[in-house]
Amino acid sequence: RTMDGKPALGFGFLLLLHATWSAIQYRSYLRSIEVEYTFFPIEIIIELLIGLGIASWGTTLLLGPFKPYKISALPSKTAEMAFARPEFISFSHRGNRRSTVQ
């Protein structure tokens, strides 16, 4: 199971590295002929997207199937309860002294 995704992941990373190297060479070529850079060629962009897709697919194969996400397994909490951080509440602050002075 874990060996299925390694070749795809490796090939995807090789494509990403090759697209990076091609982009670096393209930029240095433009500098050498003193042409202003506008955008990368479509071949580099397509190679980048294909490499990203293959690497993502290989990672998914390598890590195994996704586990189902069940909302019913989550405890029923309100938003205030879910995001509450009681350890950050401070009861000894300057506001206490101000209210007693008046």
Side-chain angles (χ1 to χ4, degrees):
R1 181 187 109 187
T2 59
M3 289 300 291
D4 295 336
K6 285 184 182 180
L9 183 63
F11 184 67
F13 276 130
L14 284 176
L15 275 178
L16 288 174
L17 287 174
H18 185 265
T20 305
W21 182 254
S22 298
I24 292 169
Q25 283 184 333
Y26 177 73
R27 290 291 301 264
S28 65
Y29 170 72
L30 288 180
R31 280 192 204 115
S32 69
I33 61 171
E34 298 177 356
V35 175
E36 187 176 330
Y37 166 75
T38 55
F39 207 72
F40 286 116
I42 192 70
E43 294 88 7
I44 294 176
I45 295 172
I46 290 173
E47 183 179 1
L48 177 73
L49 292 175
I50 290 173
L52 183 66
I54 291 174
S56 299
W57 179 62
T59 303
T60 304
L61 287 177
L62 188 67
L63 296 178
F66 291 110
K67 294 182 180 178
Y69 184 72
K70 297 179 184 177
I71 294 185
S72 62
L74 296 174
S76 58
K77 291 183 177 181
T78 62
E80 289 84 16
M81 292 172 57
F83 296 113
R85 301 286 187 247
E87 60 269 11
F88 290 112
I89 296 175
S90 174
F91 293 106
S92 59
H93 53 81
R94 289 188 295 179
N96 290 340
R97 288 187 292 268
R98 265 181 69 190
S99 62
T100 57
V101 171
Q102 295 175 1

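The model shown is predicted, which means the values in this text are computed figures rather than measured ones.
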(message) Under 4.5 Å between side-chain heavy atoms, counting indirect links through other Ile/Leu/Val/Met/Phe/Trp/Tyr residues: same cluster for I44 and I33 or not?
(response) yes
(request) Consider only side-chain heavy atoms of I, L, V, M, F, W and Y, link residues closer than 4.5 Å, and tell whether L16 and I42 are in one cluster. (result) no
(message) Tell me if the OH atom of Y37 is crowded by more than 12 foreign heavy atoms within 6.0 Å.
(response) yes
(request) Taking ring-ring contact (aromatic ring centres under 6.0 Å, His included) as the test, write out the residues that go with F39, two or more places apart. (result) none
(message) For the CZ atom on F11, are there more than 12 heavy atoms of other groups (residues, nucleotides or ligands in this structure) within a distance under 6.0 Å?
(response) no
(request) Verify the neighbour count for atom OH of Y26: are there more than 12 heavy atoms of other residues, nucleotides or ligands below 6.0 Å? (result) yes
(message) Please tell me whether Y29 and W21 are part of a single hydrophobic cluster in this structure, the criterion being side-chain heavy atoms less than 4.5 Å apart.
(response) no
(message) Distance check, rounded to the nearest 0.5 Å: K6 atom NZ versus L9 atom CG?
(response) 9.5 Å
Show me, pair by pair, the donor-acceptor contacts under 3.5 angstrom made by side chains of residues 47-66, not counting sequence neighbours?
residue	atom	partner	partner atom	Å
E47	OE1	H18	ND1	3.3
E47	OE2	H18	ND1	2.5
S56	OG	L52	O	2.8
T59	OG1	A55	O	2.8
T60	OG1	S56	O	2.9

(request) Hey, could you give me the OG/CD1 distance between S22 and I45, rounded to the nearest 0.5 Å? (result) 12.0 Å
